[in-house]
There are 2 protein chains.
Amino acid sequence: MRRHYITIKDIARELAISVSTVSRALRDAYDVNPKTREKVLAKAMELNYKPNFNAIGLVQSQSHHIGVLMPAITNYYFSTVFTGIEQVANANGYSLIVFITNDSAEREQAILQDLSLSSLDGLLVSVSSQADSYAHFEELIRNGIPVVFFDRVADAVLTSKVMQDDYHGAYEATQHLIDQGYRRIAHLAGPAGLTFTLKRRKGYEDALTNNGLPVRSAWVIHSGFSQECGFEDVARLWTLAEKPDALFAVNDRKAIGAMLALKERKVQIGKEVGVIGFTNDPMSQIISPTLTTVAEPAFEIGKLSCELLMKHMTRKNFEAQEVILPARLIVRESTRR
Amino acid sequence: MRRHYITIKDIARELAISVSTVSRALRDAYDVNPKTREKVLAKAMELNYKPNFNAIGLVQSQSHHIGVLMPAITNYYFSTVFTGIEQVANANGYSLIVFITNDSAEREQAILQDLSLSSLDGLLVSVSSQADSYAHFEELIRNGIPVVFFDRVADAVLTSKVMQDDYHGAYEATQHLIDQGYRRIAHLAGPAGLTFTLKRRKGYEDALTNNGLPVRSAWVIHSGFSQECGFEDVARLWTLAEKPDALFAVNDRKAIGAMLALKERKVQIGKEVGVIGFTNDPMSQIISPTLTTVAEPAFEIGKLSCELLMKHMTRKNFEAQEVILPARLIVRESTRR
DNA sequence: GTGGTTTTCGGTAACGTTCTCGCTACTTTA
DNA sequence: TAAAGTAGCGAGAACGTTACCGAAAACCAC
């Protein structure tokens with residue numbers, strides 16, 4: 001289905017001037033008489049001229065598109081990060097192309113494989129859980145397409161990364177539980193392959209150790225990010241002879257799943273068993289008792305990632321940066337005895 | 001920043017054949033010897049050739065991009081619709097360009113104004129709350145770029161639309177409240193300008209009327225979609241001499257805001273005042289008491305919208321369709337006496 | 001006036017691909 | 001064996017724009 005639109009040729013013909021002049025007039029005023037420029041602009045408006053980005057992209061070998069590759073969009077964290085990205089991208093005249101991996105490494109590989117190098121000026125990425133090959137990212141960077149990681153970063157790839165302070169957030173969360181008098185603290189961890197899973201686990205373990213508490217491997221369970229996972233993790237923990245008296249979950253969804261499982265067992269949340277999450281998903285304020293959590297600056301992470309990407313795209317040799325944004329403990333009812 | 005990639009010219013040169021032949025070999029086998037085709041494919045793989053979509057788009061005047069214009073992405077409904085869209089688009093080799101209006105009519109106008117006709121093959125739209133000018137959409141369609149509306153549709157524009165059954169969903173919800181013995185039913189409605197706001201309101205009013213109950217304008221409050229709006233609506237209602245004994249909210253977020261306001265007033269939800277929402281946001285199962293709601297088939301709406309758009313894009317004169325997907329009442333604790 | 005700048009503009013190639021047409025060489029048909 | 005058909009390939013234009021370079025026109029100083 002071919003279509004024909006108004007082009008600068010049409011404007012040039014109507015005004016009896018050359019295409020080059022129209023082209024220049026439409027961009028900066030450089031090398032063009034103000035009067036001519038006015039005429040061109042007026043005519044363009046009159047004919048409702050819209051630039052053809054394919055042609056511009058072809059000659060300039062750029063697309064004004066930024067890719068966003070994420071595991072999902074249907075949750076508070078990612079959709080909020082995305083909103084931050086959108087704000088910056090829009091302000092700079094870039095459009096966003098979204099790719100959802102559904103946490104599937106195959107899907108991620110397929111997307112990166114199909115990616116036309118010419119269709120993207122830059123890429124923002126939060127890697128899928130089990131991604132193990134980062135060759136595609138390095139190839140992109142080698143080809144001059146900057147990549148910036150956020151949240152779930154690929155350590156091995158040398159480029160800018162933006163994340164929250166997973167280690168200290170987890171440490172603070174665990175310390176808070178200890179301060180509240182909980183002693184048998186379990187950790188509902190994320191998939192073992194991810195960097196931030198390990199960071200949060202490390203924060204948890206160090207807090208225990210520094211407080212003279214033992215780290216018990218039976219109380220650390222690695223599973224997915226979903227509410228169901230949290231629910232099942234509790235089911236597993238509650239088969240143990242010695243049950244925990246507090247749970248630190250890798251995110252709020254799992255914490256909520258855990259709370260539902262505890263409610264089913266008639267366990268008093270807060271009093272008997274403390275629960276703490278990570279993210280500050282709006283759900284954490286809705287559930288009863290309200291969930292203590294570690295707030296992530298999701299919107300800021302989105303903004304900053306996109307800003308960094310812009311710098312990588314415009315400056316020739318912008319040095320890669322790793323930015324770690326602070327996480328903030330928010331105490332609510334689920335950890336109040 | 002200009003970059004150079006592998007092109008079909010490179011393949012042609014290395015194989016000492018013409019560009020035309022390479023081009024044909026890379027697409028369908030038509031008019032090209034299987035052996036030649038094999039050689040080209042092998043060389044393309046070896047050189048890691050990626051097609052330049054700008055060039056293809058330029059000559060074919062299409063982009064393989066679909067635009068998605070939505071008020072927001074940070075909520076269950078829209079992010080789920082988007083996931084449905086993504087699935088279909090991806091399966092058909094289209095990329096998605098996302099535009100977020102933040103429910104601002106100005107923003108929506110600006111986006112549509114800037115839209116290059118050549119950068120999109122089709123557009124999926126859920127209009128912003130107060131949008132009043134639909135000229136842009138009609139212009140797109142006139143220019144051969146199909147538009148499909150979902151959820152928040154622009155009635156006046158003649159094109160395909162996909163939505164849930166707002167009227168009957170609202171009717172059922174209200175009928176359910178009446179069946180449970182509630183008689184003084186208020187409606188926390190959405191912004192007055194939107195079609196689906198009016199449909200839900202009509203369903204509510206008809207259910208009252210058909211059951212011999214009066215429609216009282218003081219009990220119908222139009223405001224935004226947010227949780228805070230629901231909270232404030234209750235504050236207003238509770239200043240009335242005669243307070244309602246049930247609330248039907250236009251969506252779950254508002255219903256939840258209302259529940260929080262009721263909890264603050266120590267009102268027993270379910271027993272004293274029934275509350276019912278619309279959407280089936282996962283939050284509705286988390287809050288306590290759990291929220292009765294009308295489930296919208298968000299994922300299906302996304303899939304179907306994109307499928308319809310595909311048909312508009314590929315078939316020359318595909319006739320516009322209006323699809324209304326059924327909504328389903330889900331009874332939970334907030335309406336059980 | 002003369003020579004030299006500066007301002008303003010036009011011609012042309014290029015970007016990577018597809019498309020249309022035409023040519024050659026081989027195969028089939030009568 | 002000649003005519004007709006077919007398979008396979010190449011040349012060149014086209015898509016809409018920008019980039020580069022040179023030329024004309026206008027201005028300026030002496």
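Quick caveat: nothing in here was measured; it's all calculated off a predicted structure. Each chain gets a letter, A, B and so on, in the order the sequences are listed, and its residues count up from 1.
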Could you give the [atom1]-to-[atom2] distance, from [X] to [N], as a whole number of Å?
| X | N | atom1 | atom2 | answer |
| --- | --- | --- | --- | --- |
| A:Glu38 | C:dC9 | CD | P | 13 Å |
| B:Asn52 | C:dC15 | CG | P | 11 Å |
| B:Asp10 | C:dC15 | CG | C1' | 13 Å |
| A:Leu58 | D:dA14 | CG | C1' | 12 Å |
| B:Arg27 | C:dT18 | CZ | C1' | 6 Å |
| B:Lys35 | D:dA7 | NZ | P | 16 Å |
| B:Phe53 | D:dC15 | CZ | C1' | 17 Å |
| A:Ile17 | C:dG11 | CD1 | C1' | 14 Å |

Does A:Lys43 come within less than 4.0 Å of A:Glu46, counting only side-chain N to carboxylate O?
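Yes, charged N to carboxylate O under 4.0 Å.
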Can A:Arg152 and A:Asp103 be counted as an ion pair, charged N to O under 4.0 angstrom?
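A salt bridge links A:Arg152 with A:Asp103.
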Any donor-acceptor pair under 3.5 Å joining the side chain of [X] to the base of [N]?
| X | N | result |
| --- | --- | --- |
| B:Thr21 | D:dG8 | no |
| B:Ser20 | D:dA11 | yes |
| A:Asp31 | C:dC9 | yes |

Would you say [N] has OP1 or OP2 under 4.0 Å from some side-chain N or O of [X]?
| X | N | answer |
| --- | --- | --- |
| A:Ser18 | C:dG10 | yes |
| A:Arg37 | C:dT7 | no |
| A:Gln60 | C:dA14 | no |
| B:Thr36 | D:dG8 | no |
| A:Tyr49 | D:dT17 | yes |

Picking from D:dT17, D:dC9, C:dT17, which would you name as closest to the side chain of B:Arg24?
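The listed nucleotide nearest to B:Arg24's side chain is D:dC9.
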Of the candidate nucleotides C:dT8, C:dG16, D:dG8, which contains the atom at the shortest distance from the side chain of B:Asn33?
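Of all the options, the side chain of B:Asn33 is nearest to D:dG8.
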With heavy atoms under 4.0 Å as the rule, sort A:Ile56 into base, sugar-phosphate or nothing.
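Sugar-phosphate contact only.
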Would you check if the distance from the ring center of A:Phe149 to the ring center of A:Phe137 is below 6.0 Å?
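Centroid separation for A:Phe149 and A:Phe137: below 6.0 Å.
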Side chain to side chain donor-acceptor pair (under 3.5 Å) partner of A:Ser160, chosen from A:Glu322, A:Gln321, A:Lys311, A:His312:
A:His312
Which sits closer to the 5' end of DNA chain D, B:Ala16 or A:Ser23, going by the nucleotide each is nearest to?
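Whichever sits nearer the 5' end wins; that is B:Ala16.
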Measure the acute angle between the ring planes of A:Phe150 and A:Phe78, then classify it against the limits of 30° and 60° as parallel, tilted or perpendicular.
perpendicular
